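A quick note: this is a predicted structure, and the numbers were derived from the prediction, not measured.
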Amino acid sequence: MSDYEDIDYAVTDTTAIITINRPHRYNAFRGKTVEEMVKAFRKAWADKGVRAVILTGAGEKAFCTGGDVKQRAATGDYGPTESGLFEIGYLHKLIRDIPKPVIAAVNGLAIGGGHVLHVLCDLSIAAEHARFGQAGPRVGSFDAGFGSAFLARVVGEKRAREIWYLCRQYDAETAQRWGLVNEVVPADQLLPEATRWAAQIAEMSPTAIRFLKQSFNADTDHQAGLSNLAMSALDVFGETDEAKEGAAAFAEKRKPDFAKHALS
């Protein structure tokens, strides 16, 4: 019996593969999903035989579409967890801190919080049909931490603001041109290609890779403080009528009415 309900975890040779397994919700995550991903990443960290991690989604439609907005609309939160906490901020930090490269194999939609996850991975490989974008302001949510500040380091300020302010979706070719992804491949080659990259990493000095990852992270580690602040702000914002309107509109498949919340 699997140790997980919302994800799958497997190790092949020197590669751990973490698969978000909620295709009926376009691999959107609830609290339990995040908790299981945290456990899986920690397991991969502790396994000395694992040299790289691949993060992907089940099915062909979605890599991950972020937090489960339908769950939030129904219960006001992302559902119960063993710890009682919704640890998405800790998951973000864990993806950065694990001393092994994390490769996002983007097999479809990478939207909202799912887009943040792929951006935080060390490398991203996308299927040709993958699409990328943000949805937070449309559904009464935001990520003012790594999801915006680090994104600006990846694609530049103007592109990052466009992605967040307009909530458009971008195809894989555009994502590669902007530096959001490293490689675009046919869908049936996505996992094989990600596995090849992971195998190449396994041929390198693990100590050198560890120091390199920590060196790359050092320049933006201060953004963890912004992330903590942003998650606290999001907790408060989530209780407002404005945020609830965004979640309700998404669940009811209608356009949200934010007009009365406009700031002077």
Side-chain angles (χ1 to χ4, degrees), residues 15-20 23 26-29 37 41 51-66 91-92 94-96 98 100-136 143 145-202 204 209 212-213 216-217 219-220 223:
T15 305
I17 302 175
I18 299 172
T19 305
I20 305 170
Y26 288 87
N27 293 323
F29 52 74
M37 282 195 281
F41 271 104
R51 302 286 295 279
V53 181
I54 294 172
L55 178 63
T56 192
E60 298 179 354
K61 292 183 178 180
F63 168 74
C64 177
T65 53
L91 176 62
H92 290 172
L94 187 55
I95 290 172
R96 285 171 57 88
I98 182 174
K100 305 171 185 187
V102 181
I103 302 170
V106 185
N107 55 302
L109 295 169
I111 305 295
H115 187 260
V116 175
L117 290 180
H118 110 82
V119 169
L120 283 170
C121 291
D122 296 276
L123 302 165
S124 292
I125 302 174
E128 290 173 332
H129 70 284
R131 297 188 68 82
F132 302 82
Q134 271 305 328
D143 184 336
F146 283 124
S148 52
F150 186 66
L151 177 65
R153 292 295 184 97
V154 175
V155 299
E157 285 278 349
K158 295 291 186 179
R159 291 298 189 191
R161 290 170 192 256
E162 175 186 331
I163 289 168
W164 272 102
Y165 294 171
L166 303 182
C167 294
R168 293 171 175 170
Q169 291 186 16
Y170 304 91
D171 61 25
E173 181 182 348
T174 300
Q176 185 178 27
R177 190 171 70 250
W178 287 4
L180 270 172
V181 302
N182 300 89
E183 190 77 23
V184 178
V185 298
D188 63 352
Q189 288 300 307
L190 180 62
L191 270 180
E193 185 68 8
T195 302
R196 279 193 288 271
W197 284 44
Q200 275 190 270
I201 290 169
M204 309 300 170
I209 293 292
L212 284 167
K213 178 163 182 173
F216 285 127
N217 287 348
D219 182 51
T220 52
Q223 292 177 358

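- Side-chain contact check for I95 versus M37: every heavy-atom pair is 4.5 Å or farther apart.
- Taking the six-membered ring for Trp and the full ring otherwise, the centers of W178 and Y170 sit less than 6.0 Å from each other.
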Checklist entry - Stepwise, does the side-chain contact (heavy atoms from CB on, under 4.5 Å) test hold for L151 with D143? => result CA-CA 11 Å; L151 177 65; D143 184 336; over 6 Å; no
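- For the atom pair OG1 (T195) and CD1 (I54), the distance works out to 4.0 Å, reported to the nearest 0.5 Å.
- Here the side chains of I201 and T15 are not in contact, with every heavy-atom distance at 4.5 Å or above.
- Residues I125 and A194 come closest through the heavy atom pair CD1-CA, 3.7 Å.
- For the atom pair CZ (R159) and CZ (R161), the distance works out to 14.0 Å, reported to the nearest 0.5 Å.
- Rounding to the nearest 0.5 Å gives a distance of 4.0 Å between CZ of R96 and CZ of F146.
- When ring centroids are compared, F132 and H118 come within the 6.0 Å threshold.
- Residues T56 and A105 approach most closely at OG1-O, 2.8 Å, considering heavy atoms.
- Counting heavy atoms from C-beta outward, V184 and E173 have side chains that stay 4.5 Å or more apart.
- Looking only at distances, a side-chain donor or acceptor of N107 sits under 3.5 Å from a matching main-chain atom of A62.
- The structure places CG of L191 at 7.0 Å from OG1 of T19, a figure rounded to the nearest 0.5 Å.
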